[in-house]
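These notes concern the structure reproduced below.
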Amino acid sequence: MNKRCQCGDLQKLRLRTVIYARQVSITRVPVFCCNRCGSSEVHAGVKSDIGRLIGRLGSHPVPRIIPFDQVNELAGVLSSALENGSDDLHAVDIARAAEERTNELLDLWLIASSLKDEGWKSEIQGRLAQLSSPYISS
Ligand SMILES: [Zn+2]
């Protein structure tokens, strides 16, 4: 999973820790990083979620660690794709992890639906929507 950097080299997709307001460590955030010029950019598919998270933390947050792969489904999928072995993120591993997670969520949705638990259902729908972003290609 690479992206062209403005310096002309390739940016590689990695999961990195982002420090917010010197207090909060947000771990496993998908970031494109360039080895050559050192520039980096948060994955477009998680930008709005990071924005919301930081908005909730406010400008004087208490020190803590937030595992982003527990908050955001795309980060979760990238995280499990990395656990499948290699150091690099490959589109095929990401697609497989996304499919597994989608099936898992659909199973949960069926349970929530049979329990008529509307709150749970809409939470799962929100998570499924994070996975159906155009950023996961198969
Ligand atoms: Zn660069």
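First listed ligand is number 1; within each ligand, the first listed atom is number 1.
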Show which side-chain atoms of residues 55-72 pair as donor or acceptor with protein atoms under 3.5 Å away, not counting sequence neighbours.
| residue | atom | partner | partner atom | Å |
| --- | --- | --- | --- | --- |
| D69 | OD2 | R28 | NE | 3.2 |
| D69 | OD2 | S79 | OG | 2.9 |
| N72 | OD1 | L74 | N | 2.9 |
| N72 | OD1 | A75 | N | 2.9 |
| N72 | ND2 | D49 | OD2 | 2.9 |

More than 12 heavy atoms of other residues, nucleotides or ligands under 6.0 Å from CZ of R16: yes or no? no

Residue-atom pairs from the protein, N, O or S only, that lie under 2.8 Å from the Zn ion (ligand 1): C5 SG, C7 SG, C34 SG, C37 SG

Below 4.0 angstrom, N of the basic side chain to O of the carboxylate: do E99 and R96 qualify? no

Going by side chain to side chain contact (heavy atoms under 4.5 Å, CB included), name the residues that satisfy it together with D107, two or more places apart in sequence or in a different chain. none

Taking side chain to side chain donor-acceptor pair (under 3.5 Å) as the definition, give me every residue that meets it alongside E104, ordered by chain and number, with sequence neighbours left out. R101

Donor-acceptor pair, H43 side chain versus G45 backbone, under 3.5 Å? yes

